[in-house]
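Data block below; observations after.
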Amino acid sequence: MRIALFSLVLLVGGCVIQAPPREVIQPAPVAEEAAPPPAVVSVYEEPPLSEPAPIAVGWAPPPMLVEAPPPPPFPYAVWVGGYWVWQGNWVWAHGHWMAPPRAQYVWVHPYYEHRGGAVIFISGYWSAPGVGFVQPSPELVLAVEPAAVGVIPGPRPIGPEGCFVPAPPGSRRGIIVPAPVGTAPAVVTSAPPVVAVGMRVTTNVSNVHNTNIRNTNITNVTNVTNVTIVAPPAATANGRAFSSSVPAAPHLAAARPALVQARAPQPVSTRTVMPYVSAHAHPAAPPSQAHGAVAEAHPQPVLARESQPVHAGSMSGSVRPEARAQREERALPARPAQSAPAKAAAAGLARIPDAKAAPARTPAAAPARAPAAAPAASKTAVAKTAPAHPDNGKAHKADAKKDAQQAHP
């Protein structure tokens with residue numbers, strides 16, 4: 001009875017008894033694991049001695065790697081390498097000190113250009129003195145190079161079109177950093193990583209000379225001491241604006257401390273790799289016609305050498321008929337089995353009378369050669385007659401006198 005009265009009082013007073021709320025346990029958020037970057041292949045590339053032909057690659061190079069250069073081994077050493085190069089895939093050209101291959105040759109940094117969703121790439125090379133870098137023509141259309149077997153293509157370049165350098169270490173794959181022509185890729189190794197477009201590189205002190213010769217732009221960049229890297233807060237990974245002056249020299253820029261230690265691996269082999277040759281290069285036509293012409297003209301010097309003794313003896317009129325008669329007698333038995341070269345030689349002998357007119361054309365030279373030819377002709381005549389008659393009849397006369405003395409002592 002009391003419980004009923006108590007409940008009635010509570011209802012009249014407006015009090016409502018509610019059950020305690022149930023505790024809902026929400027699952028912890030699972031962090032998405034980023035896909036590990038592909039393994040980096042590091043090689044030693046042999047730089048060519050002239051500007052290579054540009055090629056087109058379907059995706060952007062990866063972010064830069066950190067490679068601190070050692071002290072230079074000699075005063076005139078040049079820091080070569082430390083950038084991405086195409087070898088059927090973007091591989092790392094390991095940096096090393098190198099002497100210029102020839103006197104006054106200068107090192108030209110690699111060239112990257114974003115054009116039509118692809119990357120126009122020219123590898124680093126040695127340039128002769130006074131020869132400027134030639135940018136690819138805007139009208140140039142290149143076919144995209146095929147990737148090596150088993151290579152997974154990366155993202156296309158993300159950023160404005162034009163010349164660029166790869167993004168700083170630790171950046172989002174595909175990001176590119178606009179930069180002037182001739183910028184060393186190592187200048188961005190000390191910059192913070194970027195996750196969006198916005199970082200750019202500008203030159204501070206430079207003398208740029210652009211020359212247009214027959215629709216070909218030749219760019220000479222000189223006196224570049226340092227560059228400035230600028231990035232807004234929305235572009236960097238830490239959300240802070242960035243602005244810094246960096247040395248333009250690649251070994252000085254690479255020696256600066258990096259914010260992200262993405263170390264470049266050592267090459268597995270110390271053997272240098274030759275520059276990549278485009279798969280769309282036109283092979284040179286074989287010079288088949290030139291070889292055929294040389295092969296057909298080859299027997300002519302042999303025939304000329306065979307006919308030289310005939311012309312040499314043409315200075316003496318007494319020797320030429322005998323030499324001709326002897327050649328005709330030797331050629332008679334072999335005439336049925338005469339080959340093509342022999343026919344050609346016979347044809348050359350048939351032209352011998354033409355040589356008789358040569359002394360008539362040069363009368364001044366005939367008297368000078370006659371005294372020298374006469375003794376030779378006489379010696380030849382004696383030599384030819386001596387074996388045929390060795391005793392000349394003298395031996396028979398001596399034997400007749402000896403018999404007469406024995407008969408009449």
Side-chain angles (χ1 to χ4, degrees), residues 31-40 42 59-70 79 81-85 90-95 109-114 119 121 124 154-206 224-266:
E32 296 182 0
E33 295 182 359
V40 177
S42 184
W59 65 92
M64 287 291 295
L65 300 179
V66 178
E67 187 175 1
W79 179 251
Y83 56 86
W84 294 105
V85 66
W90 288 112
V91 300
W92 182 258
H94 197 74
H109 303 291
Y111 175 83
Y112 306 89
E113 180 186 344
H114 179 203
V119 176
F121 173 71
R156 293 186 176 273
I158 304 173
E161 291 196 354
C163 184
F164 70 92
V165 293
S171 300
R172 175 185 171 186
R173 292 178 61 86
I175 298 293
I176 60 177
V177 179
V181 178
T183 302
V187 298
V188 298
T189 54
S190 61
V194 292
V195 294
V197 178
M199 180 177 286
R200 68 182 186 275
V201 178
T202 59
T203 57
N204 288 355
V205 180
S206 62
V224 178
T225 56
N226 51 35
V227 297
T228 300
I229 304 176
V230 179
T236 59
N238 55 10
R240 299 177 182 177
F242 179 79
S243 178
S244 177
S245 180
V246 183
H251 66 284
L252 297 178
R256 292 169 58 89
L259 300 180
V260 177
Q261 296 296 326
R263 288 289 180 182
Q266 290 288 335

Distance (rounded to the nearest 0.5 Å) between M199 CE and I229 CD1: 6.5 Å

Closest contact, heavy atoms only, A167 versus V194: CB-CG2, 4.2 Å

Taking side chain to side chain donor-acceptor pair (under 3.5 Å) as the test, write out the residues that go with Y112, two or more places apart. none

Report yes if the distance between the aromatic ring centroids of W90 and F121 is under 6.0 Å, otherwise no. yes

Within this structure, what is the OG-CD1 distance for the pair S171 and I158, rounded to the nearest 0.5 Å? 11.0 Å

Separation between CD1 of I175 and CZ of R173, rounded to the nearest 0.5 Å: 12.0 Å

Step by step, would you call V91 with V85 a side-chain contact (heavy atoms from CB on, under 4.5 Å)? CA-CA 6 Å; V91 300; V85 66; 3.6 Å; yes

CD-CD1 distance between E113 and I176, expressed to the nearest 0.5 angstrom: 10.0 Å

Within-4.5 Å side-chain heavy-atom neighbours: P178 and V165: no

Give the minimum heavy-atom separation between V187 and V246, together with the two atoms involved. O-CG1, 3.6 Å

Measure across A248 and A184 and return the closest heavy-atom pair with its distance rounded to 0.1 Å. O-CB, 4.0 Å

Which atom pairs, donor and acceptor, lie under 3.5 Å between side-chain atoms of residues 249-261 and protein residues at least two apart or in another chain?
from: R256; atom 1: NE; to: S190; atom 2: OG; distance (Å): 3.2
from: Q261; atom 1: OE1; to: R263; atom 2: NH2; distance (Å): 3.4
from: Q261; atom 1: NE2; to: A258; atom 2: O; distance (Å): 3.0

Using every non-hydrogen atom in the two residues, find where P169 and A262 come nearest and quote the distance to one decimal. CB-CB, 4.1 Å

Least distance between heavy atoms, P166 atom then P61 atom: CG-CG, 4.0 Å

Sub-4.5 Å side-chain heavy-atom contact between P185 and W84: no

Using only atom types and a distance under 3.5 Å, with no angle test, would you say the side chain of H114 pairs donor to acceptor with the backbone of G159? yes

What pair of heavy atoms forms the shortest contact from V195 to T236, and how long is it? CG2-O, 3.9 Å

Pairs under 3.5 angstrom only: tabulate donor-acceptor contacts from the side chains of residues 62-70 to other protein residues two or more places apart or in another chain.
from: E67; atom 1: OE1; to: W92; atom 2: NE1; distance (Å): 2.8
from: E67; atom 1: OE1; to: G95; atom 2: N; distance (Å): 3.4
from: E67; atom 1: OE2; to: H94; atom 2: ND1; distance (Å): 3.1
from: E67; atom 1: OE2; to: H94; atom 2: NE2; distance (Å): 3.1
from: E67; atom 1: OE2; to: G95; atom 2: N; distance (Å): 2.8

